[in-house]
Amino acid sequence: MVKITFPDGNIREYESSISGLDIAKSLSQKLAKEALSITVNGEIWDLSRNITTDSTISINTFDEKDGKYAYWHSSAHLMAEAIESLYPGTKFGIGPSIENGFYYDVDFGDTKVTDADLPKIEQKMLELARKNQEYKRREVSKDEAMAYFTQKGDEYKLELISELQDGTITFYEQGEFTDLCRGPHLHDTSQIKAVKLTSLAGAYWRGDEKRKQLTRIYGITFPKQKLLDEYITFLEEAKKRDHRKVGKELELFTFSEKVGMGLPLWLPKGTQLRERLQAFLQKVQKEYGYEPVMTPHIGGKELYVTSGHYAKYGKDSFQPITTPNPNEEFLLKPMNCPHHCEIYKFKPRSYKDLPIRFAEFGTVYRYEQSGELHGLTRVRGFTQDDAHIFCRPDQLLDEFKKVIDIVLYIFKTLSFDNFITQISLRDKEDRSKYIGSDENWEKAENAIIQAAAEKGLETVIEYGEAAFYGPKLDFMVRDAIGRKWQLGTIQVDYNLPERFELEYTGEDGKKHRPIMIHRAPFGSMERFTAVLIEHTGGKFPLWLTPDQVVVLPISEKFQDYAQKVSQFLNKNDVRAFVDERNEKIGRKIRDNELKRIPFLLVVGEKEAETNQVAVRRQGQGDQGVMSLEDFTIFVKNEVEKELN
RNA sequence: GCCGGUGUAGCUCAGUUGGCCAGAGCAGCUGAUUUGUAAUCAGCUGGUCGGGGGUUCGAAUCCCUCCACCGGCUCCA
């Protein structure tokens, strides 16, 4: 007998060696039909695999992450089977389940495959799925595994097998297709009802740009057509929030081929938005004891040789600027920190002066690879809301925690509640990518881990994501279609102070080395604005939006009153303007609603006579009539509430 | 940088297999209308069909090449 503990704590006994599917059947027919995988003691298993020891289990349907995992993984195999039958001789790399669907990296050899071929593969997948083929798990020896793929001529699978331990290798087979795979998989293909292959792209084998590029096909499948339709609708809705589209509609920013790719041009409305964001942060920083500084857009090459940036990024950057003097070279500033180090060195510093916090909205230029550019989220010229804190070792933890407070405050004010907090540490295997001593890295990494823990942050640790001079705490936010972007970042750095020979005189009269914290709560104004646009769909908070109120006169007769209303509002620090066009009121409402102006004031004869305004709130329709004074106070209160 | 796709007016898009001076809606301009809660009507302007080269009697359409953009990969101080 085996004791099975269910998620609700119930325990049932079964005859020994019972499969997940049988357990599901014992609970309900419906569950058995919908079950996709089973989690056994924290490990995801096939439903058909027998459980032989007492276990805690949960049965996963498509509603559970672990269910989707098996479902999409099996779908990847189904796609591979379809591809193999349509394109015999295709070699397969890896084909995992991902957050939304799955992909498979394949080598089609000399056959050229484009997205026009995807529907054909979809059809084949559905055809194969209808055969209700079972996914059969089989343990194989390493020799057997090697022999199979040698005969098949699939060098990718052979490479993967060569790295596995004998005795841990499993094959999965469904229909005509056999794959090296850890599993788990569905019981059979019958649950795969709706298929959409979404895109096709090149992907380097094992993520190594020096190796062969395979063809990656992305897809997603669902147990019901309706779910696929919903997913497609969701994607279409997400596209409407794309910051590149909204940025154009609301006239926030643009690009010009003549100016150069990845070099954004901020239009008047976008500039207003950005300046307001900057003013907001400046106010916060002032409260936290930051001092503004300014530095030029270029700096002598030696500055970056000293910092190590030149050695690390020099060849992939905008090339040095030369002058008539043959020995003189400048770099377009890729970072603000070296400049700030030089400001620190302006005069001798005492331990009493620390911490020193230099803040600058510093514009930097980086030669990002052309294929990497993306709207405002990845550009070649951008402005960091940068600051460098120079502090003593005993101040480090406290200073770091204060920066976390700033980031959290900003995210809260802008309603970014779905962010990921990531601790980015050194690569465990390859330390050659980093500068500085192990001892200092250790200290820096521990400081971040401790500060994050003391602040109660739920963090994920990523190895190999650190900057070359120090570890980071990164705040990541998703965009409209789920891509993750790093916004806020806080970094601990023992290395640049050393390279720039920064010092302060301690209580003991001796020279000591300060520690630097690099930090940018927004990250960059460009990327932050982009993510803000996608989160709000262009409906910015009232305090931030470029135009807060538009006054709509019913006809030209009431232009004068409309102007009076607008002037009154502006005098009282409410940003308003008049829609002076000779259009009907319906038209004016429609156009200004689409421009996401928070308040629309309709004014005609009645309002003009009584000094009132008919208020309409964006997306919420008519709100009734108010006196102009009351409305002004109301708007100001709303702004106050947002910024509390 | 690599793989795949796309590129027609300020914007959104027609223009199938090469064939009369390249079209529509919106925007813009002019005029009429003077409007009460999501598009008033009419007229006009606007395009070297991404750039360059080629094939052809003839190219937006076919070929080559470059550029930009889109989706990935790689990268991200």
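- Proximity note for Ala614(A) (side chain, C-beta onward) versus A68(B), U37(B), A77(B): the nearest is U37(B).
- Across the interface with RNA chain B, nearest-nucleotide mapping of Asp208(A) and Lys557(A) shows Lys557(A) to be the residue nearer the 5′ end.
- In this structure, the aromatic ring of Tyr313(A) is positioned over the six-membered ring of the base of A77(B), centres within 5.5 Å and planes within 30°.
- Computed from coordinates, the Gln612(A) CD to G36(B) C1' distance equals 15 Å when rounded to whole Å.
- At C70(B), one or more side-chain N or O atoms of Arg244(A) fall inside 4.0 Å of OP1 or OP2 (strictly under the cut-off).
- A59(B) and G19(B) are spaced 10 Å apart, taking the C1' atom of each and rounding to whole Å.
- Tyr218(A) has its OH atom 15 Å from the C1' atom of C70(B), to the nearest Å.
- Taking atom CD of residue Glu368(A) and atom P of nucleotide C75(B), one finds them 13 Å apart after rounding to whole Å.
- Taking only side-chain nitrogens and oxygens, Tyr367(A) never comes nearer than 4.0 Å to OP1 or OP2 of C75(B).
- The side chain of Lys472(A) contributes an N or O atom lying less than 4.0 Å from OP1 or OP2 of A77(B).
- At a cut-off of 3.5 angstrom, counting only N and O atoms as typed in the model, there is a donor on one side and an acceptor on the other between the side-chain of Glu607(A) and the base of G36(B).
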Pairing pattern in dot-bracket form [Watson-Crick, G-U; both distances under 3.5 Å; | = partner strand] for RNA chain B
(((((((..((((.....[...)))).(((((.......))))).....(((((..]....))))))))))))....
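- Applying the 4.0 Å criterion to OP1 and OP2 of G1(B), one finds that Ser370(A) has a side-chain N or O inside that range.
- In this structure a side-chain-to-backbone donor-acceptor pair under 3.5 Å is missing from Lys333(A) to Gly299(A).
- Taking atom CG on Leu487(A) and atom C1' on C76(B), their separation rounds to 14 Å, with Å as the unit.
- Residues of residues 108-116 of chain A that place a heavy atom closer than 4.0 Å to RNA chain B, in numerical order, are Lys112(A), Thr114(A), Asp115(A).
- With P as the reference atom, A68(B) and G51(B) are 15 Å apart, rounded to whole Å.
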Would you be so kind as to tabulate the donor-acceptor pairs closer than 3.5 Å made by side chains of residues 308-315 of chain A, with sequence neighbours excluded?
unit_1, atom_1, unit_2, atom_2, d
His309(A), ND1, Ser307(A), OG, 2.6
Lys312(A), NZ, Lys433(A), O, 3.4

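- Close to G72(B), at under 4.0 Å from its OP1 or OP2, lies no side-chain N or O of His374(A).
- At G71(B), one or more side-chain N or O atoms of Arg483(A) fall inside 4.0 Å of OP1 or OP2 (strictly under the cut-off).
- Evaluation of atom-type donor-acceptor distances gives a pair under 3.5 Å for the side chain of Gln213(A) against the base of C2(B).
- The distance between atom NZ of Lys245(A) and atom P of C11(B), rounded to the nearest whole Å, is 13 Å.
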